[in-house]
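Report on one structure; see the data block that follows.
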Amino acid sequence: MKFFLDTADVDAIRELNELGMVDGVTTNPSLILKAGRNIEDVTAEICGMVSGPVSAEVVADKADDMIREGKHLARIAKNIAVKVPLTWDGLRACRALSDAGHMVNVTLCFSPAQAILAAKAGATFISPFIGRLDDIHLDGVDLIADIREIYDNYGYETQILAASIRSVNHIVEVAKIGSDVITAPPAVIKAMAKHVLTDKGLEQFTADWAKTGQKIG
Ligand code: E4P
């Protein structure tokens, strides 16, 4: 399963990238706002750090404008994946950008029906939003399972990019289902290393080691 970082924070990307854990990055207008930087500057910097796909989102609502914005964003670097919303105009833009040779990430997916349309429109990635479904008391992980089953039934090549991830459990559950990619905030990725028994065990080993009076090296 590929790990994408869901952030436009270059310091956070650098830290995890040094461990070889970053297969790509996703951004959106809210994350660009949070970074407080110009979209083209920060996206170019991220693309220079990470060799995998870096999603940059269009903001227009009409297909022709999305295509124009998408082509503009794609000029930033070869590894740009143009992110378009799952609207009818977004699907039209997806088809045009995909046919022009660009990677396309179709975002704001909340149903299996939407995911089928994205695959038919030539999407490279489909981004179902798990956390936002959980927020309205639906099961976001179930959506990933449904899309996996449907895509496998027909051999659709669109990659499932589980998005809006809020917890370590989300990552484990979608990994069991076979999501191709997860995109998560750096803090959630780092939280995967934490376990209370690891902390407790280390505490005991440290205390016992001090009692031996020994040193290594
Ligand atoms: C990524 O592509 C999405 O934009 C992101 O995961 C949304 O996450 P959120 O629901 O936490 O804003």
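Atoms within a ligand are numbered from 1 in the order they appear, just like the ligands themselves. Fair warning: this is a prediction, and the values are worked out from it, not measured in the lab. Residue numbers run from 1 in the order of the sequence given.
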Note to self: At less than 4.0 angstrom from any non-hydrogen atom of Ala163, what atoms of ligand 1 do you find?
What the structure shows: 1 (C), 6 (O)
Notebook entry, point to check: Can you list the atoms of ligand 1 that are under 4.0 Å from a heavy atom of Phe129?
Noted result: 3 (C), 4 (O), 7 (C)
Note to self: Any carboxylate oxygen within less than 4.0 angstrom of a Lys/Arg side-chain nitrogen, looking at Lys34 and Asp9?
What the structure shows: no
Margin query: Show, in sequence, the C-alpha distance, side-chain angles and deciding distance for Thr27 and Thr7, and conclude whether the side chain to side chain contact (heavy atoms under 4.5 Å, CB included) test is met.
Written below: CA-CA 6 Å; Thr27 65; Thr7 185; over 6 Å; no
Check: Are any of the N/O atoms in Thr107 less than 3.5 Å from those in ligand 1?
Finding: no
Checklist line | atom 4 (O) of ligand 1 - nearest protein heavy atom and its distance | finding: Asn28 ND2, 2.7 Å
Margin query: If you apply the rule side chain to side chain contact (heavy atoms under 4.5 Å, CB included), what do you find for His102 with Thr124, and how did you get there?
Written below: CA-CA 9 Å; His102 300 295; Thr124 315; over 6 Å; no
Checklist line | Ala184: partners by side-chain contact (heavy atoms from CB on, under 4.5 Å), with sequence neighbours left out | finding: Ile165, Ile171, Ile182, Val188, Ile189
Margin query: So for Arg166, does at least one of its heavy atoms come nearer than 4.0 angstrom to any atom of ligand 1?
Written below: yes
Margin query: Between Thr26 and Thr183, is there a side-chain donor-acceptor contact under 3.5 Å, judged purely by atom types and distance?
Written below: yes
Margin query: Holding to side-chain contact (heavy atoms from CB on, under 4.5 Å), I want the full list of residues that pass it with Asp99, two or more places apart in sequence or in another chain.
Written below: Arg95
Item checked: Proximal atoms of ligand 1 relative to Lys83 (non-hydrogen, under 4.0 Å) -> 1 (C), 2 (O), 3 (C), 4 (O)
Check: Can you tell me which residue and heavy atom of the protein come closest to atom 5 (C) of ligand 1, and the distance to 0.1 Å?
Finding: Asp6 OD2, 3.0 Å
Margin query: Can you report which non-hydrogen protein atom sits closest to atom 8 (O) of ligand 1, along with the distance?
Written below: Ser164 CA, 3.4 Å
Note to self: Within ligand 1, which atoms have a heavy atom of Arg132 less than 4.0 Å away?
What the structure shows: 7 (C), 9 (P), 10 (O), 12 (O)
Next item on the list: Supply the atom-to-atom distance Leu161 CG to Cys109 SG, rounded to the nearest 0.5 angstrom.
Entry: 11.0 Å
